[in-house]
Amino acid sequence: MPELPEVEGVVRAFAPEAIGRTVSDITVSDIVIESKAQGREAIIKGMSTADFIQQMKKMTIVNVTRRSKYIYMNLQKGNNDYLLVSHLGMSGAWFVVNSIDEVSELKFRRHIHVIFTMEDGGLLVYSDIRRFGELRLLNVEADHPPLLKMAPEPFDEIAHSHFLDLAQLPKYAEKPIKEVIMDGQVISGCGNIYATEALFKMKIHPTRKARRISLKRKTELFYVIVDILQESIDAGGSTISDYRNINGESGGMQNRLKMYGRKVCLNCETDTKSVRIAGRTSVYCPKCQR
DNA sequence: AGCAGCGTCCGGCCGC
DNA sequence: TGCGGCCGGACGCTG
């Protein structure tokens, strides 16, 4: 599943392919059209399929950046600016191809839901096996208020003090630390994989209450998360389950994970345990993590 | 007002 | 082999 490092990899590969190109036409899968027609918010969020198709035509992609786990595509049409926000959910993937036959893996080719045909004839293809992803066309970021509530980028200077300020708030005091570090308003981009890794490295039990961790240890935890995110970016992200980079490329971080998905602790060979925190499975070593 | 809890968006995959 | 249940980012709704 794509977290911040995986999205960063997508953006780095996608941006040079997409910037400067103009959308000629949009094709939406029958499945999404039908789901939307029944009133569900399937992939295309906040507007009808017809409106999305109509508005996206003639849009020129002028920039592609990452914000937390979101891909932000700055668009222009005439004198107006727009923002297309793409979240990959559990299984979203972008492909830059000349024909959908070039989407080589069957399971991605079978779940192509939005095709952007560009004026030069090329295709920007959005595939999403489980349809948890989103495409949201906005005028400005503020038109979707939850985006404004995201924590700063973890690599920004202010991210550390922001993290400490929020993590010390009474409303987080009794929460499991893993839930706190996976809250995108506290620190952005840290999902299940990297939260699991950071807590293992810090030898902190995932259910430990936030208030039971000193300010000093919280600071250390913050920088461990940042370091792991950076290490993963450098490794090309983790290719787990349905995550692929542009055009199906895999990353290398999955081979460097020390706890996520493990049955046995690498430090002490104790069997790992798992517990559900905030609805998600959390793996930990009962001996190393306290 | 703010928040906890749950439903929603799904198909791959696992275990029986 | 067939099938029920599990899994999960982030938002929206409800109480």
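All values reported here derive from a predicted model rather than from experimental measurement. Throughout, a chain's letter reflects where its sequence line sits, starting with A, and its residues are numbered from 1.
Aromatic ring centres of A:Phe95 and A:Phe108: separated by under 6.0 Å. Proximity of the aromatic rings of A:His160 and A:Tyr223 is defined here by a centroid distance below 6.0 angstrom, and this criterion is met.
No more than 12 heavy-atom neighbours from other residues, nucleotides or ligands sit within 6.0 angstrom of NZ on A:Lys273.
You'll find the side chain of A:Met202 stays beyond 4.5 Å of the side chain of A:Ile213, heavy atoms only.
Rounded to an integer number of Å, the gap from A:Asp128 CG to B:dC10 C1' is 9 Å. Put simply, OH on A:Tyr126 is 12 Å from C1' on B:dC10, counting in whole angstrom units.
We find the OG1-CD1 distance between A:Thr207 and A:Ile204 to be 11.5 Å, quoted to the nearest 0.5 Å.
Pairing each heavy atom of A:Phe14 with each of A:Met73, the nearest pair is CE2-CE, 3.6 Å.
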Evaluate the criterion side chain to side chain contact (heavy atoms under 4.5 Å, CB included) for residue pair A:Leu123 and A:Phe116; output intermediate values, then yes/no. CA-CA 6 Å; A:Leu123 308 177; A:Phe116 296 71; over 6 Å; no

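Between A:Arg67 and A:Glu153 there is a salt bridge, since at least one side-chain N of the basic residue sits less than 4.0 Å from a carboxylate O of the acidic one.
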Sort me out a list of protein N/O and nucleotides 2-8 of chain B N/O pairs below 3.5 Å, or just none if empty.
none

Using a cut-off of 4.0 Å between protein heavy atoms and nucleotide atoms, how would you tag nucleotides 6-13 of chain C 5' to 3' with B, S and -? -BBBSSS-

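Remark on DNA chain B: of its neighbouring residues A:Ile43 and A:Arg110, the 5'-side contact belongs to A:Ile43, judged by nearest-heavy-atom nucleotide.
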